[in-house]
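Structure, as structure tokens:
By convention in this document, chain letters (A, B, ...) are assigned in the order of the sequence lines, proteins followed by strands, and residues within each chain are numbered from 1. Values reported hereafter were calculated over all heavy atoms of this structure, with side chains retained and with hydrogens, waters and symmetry mates removed.
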Amino acid sequence: MPVDIDIAKVARLARLALNDEELAGYRQQCEVILEHAALVQTLPTEGVTPTSHPLPRTNAFREDVITECLDREEVLAQAPERDGDYFLVPRILDEP
Amino acid sequence: MSDLADLTLAAAAGGLRSGDLSAVELLEAVHRRAAMTEANLHAYLTLDREGAARAAVGADAGFKRGADLGPLQGIPVALKDNMVTRGLETTCSSKILAGYLPPYDGTATTRLRAGGAVILGKTNLDEFAMGSSTENSAYGTSRNPWDPDRVPGGSSGGSAAAVAAGSAMVAFGSDTGGSIRQPAALCGIVGMKPTYGLVSRYGLIAFASSLDQIGPLARSVEDAVAALEVVGGYDPADSTSYPGAVPDYRSGLESGVSGLRIGVVTELNGAGIEPAVQAAVNRTLDQLENAGATIVQLSLPSVEYALSAYYLIAPAECSANLARFDGVRYGLRRLGENVEEMMSNTRAEGFGPEVTRRILLGTYALSAGYYDAFYGQAQRVRTLIIRDFQAAYEQADVLVSPTSPTTAFPIGARTDDPLSMYMSDVCTIPSNLSGDPAISVPVGLDDAGLPIGFQVMAPALGEPVMFRVAAEVERLAAFGVRAPLASSEVG
């Protein structure tokens, strides 16, 4: 069955700044792939529980012991921009 | 054998213990091989010569002291570049992680180091492990040692090419939909995906968390066993790690297949498989029957839908996992007017086309209004596939199929048609959805002289019977041929 994607909306949700030409290309490819993927809709699955994980486990606990943690300097050294011990990002809130 | 780089791991481990060879000599031989083959193959993104030399010296000192750290002590090992290594560049073959120096080692890497392995460097892959040819790498395509005009498969194509060519004795990769087994098949080596949860995913850069599994690529089944022994087992740092005891993989290696029931999956054999590939698989089945196995035909009807379900589930999980690449904590940043624009510009520039496509697919499949029809339905189909496998394992000890429907294809042949590329994994994807172990063993060559892989699948934690059958397949096929580029005379 044909699939119709609002590709600009999807790209916005995914935080991908794509131009119109790129969007048109991805839209066409994604529709072809989704048409094939939509085959799953032809299988009757009433009452079938969805599987999110192959070996179901809940509440994987471990002993609460103190172990070595990541070195702060080594971590922050990878930041595109930092301010002392903080990751620096462009202003999020407007000027007061 | 004239060149140490061509030894199996098992033979090298013996030589290291008898004092016939040293880890330093072994490393030098592998480095010489890499110097000959890398210009053609581009298996590696990073060779860590200093780190490897230090590890080799350390391994030799250990042997002198009488310290035996296990089967990988002193063995030159390559890691796929989506396994984080402290202080050693880890890119996932993506521009978005260019220059990234991880502040920690993944658990598999930690165990390899503790086991005295000599880590050679980081191998090429399809960006973020998304692909079946390594053509999606931002740093150039790896090539097949059997024919450099063809792909080595993927996404662990660099690891497979290195092991086949002798520029690594064993390598690790990750398998989300066949990314260890398919390149192993295309490069004429052994590649194995363990039961989900058997090897910790801590420090494996996530693609699709419910499918990803680290596993070995090796020159023999026994070598794959040795490699898995070192990295497997419970890890509290991975909440999906299997908490029970690790099975004894070795016990059945010499037992043969007499009395075993081998199920041929109707849906994964015949239609859509290249005739030469199917012929090699059928020949192997005849040999297994002659060796005392019972061959049974089994139908797993829902497996026909595995590829469709996979291309909803994997992109959905990928779109969530790759949200972390936002230009804030590591990797590339491209500026914008505000934070959201900075993130969107960074991601658009940092991700290549296949990764972008899968993020878009996954975001769509998870978005309001489409979630149940696509992602939810794929998860229900996953349940049906698991049930089909469970029913099949009532009637057979292992299931078999070709690993890849074709042998290695020419570079560029499938890059313009994503769906045809996805078909490369039609035989391997079902085991990722079910979480079960599977292995590819080389069983022959097609008319063009390209290797063919035979896949053995087993139920969860069925590694012992899987390895037992794989070892017999290996003996019966007597593949033994080496990639032309692995021959020491070729430069």
Side-chain angles (χ1 to χ4, degrees), chain A residues 3 5-7 9-19 22-23 25-27 29-30 32-34 36-43 45-55 57 59-63 65 67 70-81 87-92, chain B residues 100-101 103-104 196-197 210 236 239-243 302 305 307-309 311-312 319 326-333 335-345 347-348 351 356-357 359-361 363-364 367 373-374 376-384 386 418-419 422 433-435 460:
Chain A
V3 178
I5 307 178
D6 182 351
I7 195 77
K9 181 187 170 199
V10 174
R12 205 162 52 245
L13 290 171
R15 301 288 184 269
L16 289 163
L18 303 172
N19 65 35
E22 291 167 326
L23 286 173
Y26 284 120
R27 177 185 168 169
Q29 290 167 335
C30 286
V32 170
I33 296 162
L34 282 168
H36 183 271
L39 263 182
V40 294
Q41 293 162 355
T42 63
L43 259 188
T45 54
E46 227 183 82
V48 175
T49 317
T51 296
S52 59
H53 227 268
L55 301 173
R57 285 191 72 196
N59 299 339
F61 292 115
R62 63 165 171 78
E63 291 303 310
V65 288
T67 56
L70 299 183
D71 180 85
R72 186 185 298 186
E73 196 45 47
E74 233 176 317
V75 171
L76 282 159
Q78 298 306 311
E81 213 178 339
F87 294 104
L88 201 61
V89 293
R91 175 179 292 277
I92 291 173
Chain B
Y100 174 57
L101 302 176
Y104 69 108
Y196 183 86
S210 80
S239 65
T240 61
S241 172
Y242 173 68
S302 62
Y305 300 84
L307 191 70
S308 299
Y311 276 99
L312 293 167
S319 74
D326 55 9
V328 172
R329 289 156 298 166
Y330 31 64
L332 184 77
R333 173 182 289 186
L335 294 179
E337 290 295 308
N338 51 48
V339 167
E340 192 178 318
E341 228 183 87
M342 178 276 281
M343 290 178 175
S344 301
N345 291 342
R347 289 163 61 78
F351 292 135
T356 302
R357 191 151 48 231
I359 291 174
L360 291 168
L361 279 170
T363 304
Y364 176 80
S367 61
F374 285 100
Q377 180 66 7
Q379 286 187 310
R380 285 187 285 272
V381 169
R382 188 174 186 180
T383 306
L384 296 178
I386 291 171
L419 204 53
Y422 296 173
L433 291 171
S434 65

Counting only heavy atoms closer than 4.5 Å, note whether [X] contacts chain A via side chain, backbone, both or neither.
X         : value
Ala373(B) : both
Ser434(B) : backbone
Leu335(B) : neither
Pro236(B) : both
Leu101(B) : both

Exercise: identify the closest heavy-atom pair between [X] and [Y]:
X         : Y         : value
Tyr196(B) : Leu55(A)  : O-CD1, 2.8 Å
Val89(A)  : Met342(B) : CG1-CE, 4.5 Å
Pro80(A)  : Gly327(B) : CG-O, 3.4 Å
Pro50(A)  : Gly376(B) : CB-O, 4.4 Å
Ala14(A)  : Thr363(B) : CB-OG1, 3.6 Å
Ser210(B) : Pro54(A)  : O-CD, 3.4 Å

Test Leu360(B) against every option in Leu23(A), Leu13(A), Leu18(A), Ile33(A) by the side chain to side chain contact (heavy atoms under 4.5 Å, CB included) rule and name the one that passes.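 Among Leu23(A), Leu13(A), Leu18(A), Ile33(A), the one that satisfies the side chain to side chain contact (heavy atoms under 4.5 Å, CB included) with Leu360(B) is Leu18(A).
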Arg380(B) pairs by side chain to side chain contact (heavy atoms under 4.5 Å, CB included) with which of Thr45(A), Thr51(A), Thr49(A)?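 It is Thr45(A), the one option of Thr45(A), Thr51(A), Thr49(A) that forms the side chain to side chain contact (heavy atoms under 4.5 Å, CB included) with Arg380(B).
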Nearest-0.5 Å distance, [atom1] of residue [X] to [atom2] of residue [Y]:
X        : Y         : atom1 : atom2 : value
Ile5(A)  : Tyr364(B) : CD1   : OH    : 5.5 Å
Arg15(A) : Met343(B) : CZ    : CE    : 8.0 Å
Leu34(A) : Tyr311(B) : CG    : OH    : 12.5 Å

Answer whether the closest heavy-atom distance between the side chains of [X] and [Y] falls below 4.5 Å.
X         : Y        : answer
Thr240(B) : His53(A) : yes
Asn338(B) : Pro90(A) : no
Leu361(B) : Cys30(A) : yes

With chain A, which of [options] has the greatest number of heavy-atom pairs at distances under 4.5 Å?
options                                    : result
Leu332(B), Val328(B), Asn345(B)            : Val328(B)
Ser319(B), Ala378(B), Gly435(B), Pro243(B) : Pro243(B)
Pro418(B), Ser344(B), Gly331(B), Ala460(B) : Ser344(B)
Ile386(B), Thr356(B), Leu307(B)            : Thr356(B)
Val339(B), Leu433(B), Leu419(B)            : Val339(B)

Is it the case that the side chain of Gln377(B) and the backbone of Val40(A) share a donor-acceptor pair, with hydrogens and angles ignored and the cut-off at 3.5 Å?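 Side chain of Gln377(B) to backbone of Val40(A), a donor-acceptor pair under 3.5 Å: yes, one is there.
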Main-chain N/O of His36(A) paired with Ser308(B) side-chain donor or acceptor, under 3.5 Å: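 Looks like yes, one N/O pair under 3.5 Å.
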Which of the residues Ser52(A), Ala60(A), Ala11(A), Gly25(A) is involved in the greatest number of heavy-atom pairs with chain B at under 4.5 angstrom?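 Between Ser52(A), Ala60(A), Ala11(A), Gly25(A), the count favours Ser52(A).
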Quick check for you: among Leu39(A), Asp6(A), Asn59(A), which has the greatest number of heavy-atom pairs under 4.5 Å with chain B?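 Highest number of heavy-atom pairs under 4.5 Å: Leu39(A).
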Heavy-atom distance under 4.5 Å to chain B: side chain of Leu70(A), backbone, both or neither?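 Contact with chain B is through the side chain of Leu70(A) alone.
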Between Leu88(A) and chain B, with a heavy-atom cut-off of 4.5 Å, which part of the residue counts as in contact: side chain, backbone, both or neither?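 Just the backbone, heavy atoms under 4.5 Å.
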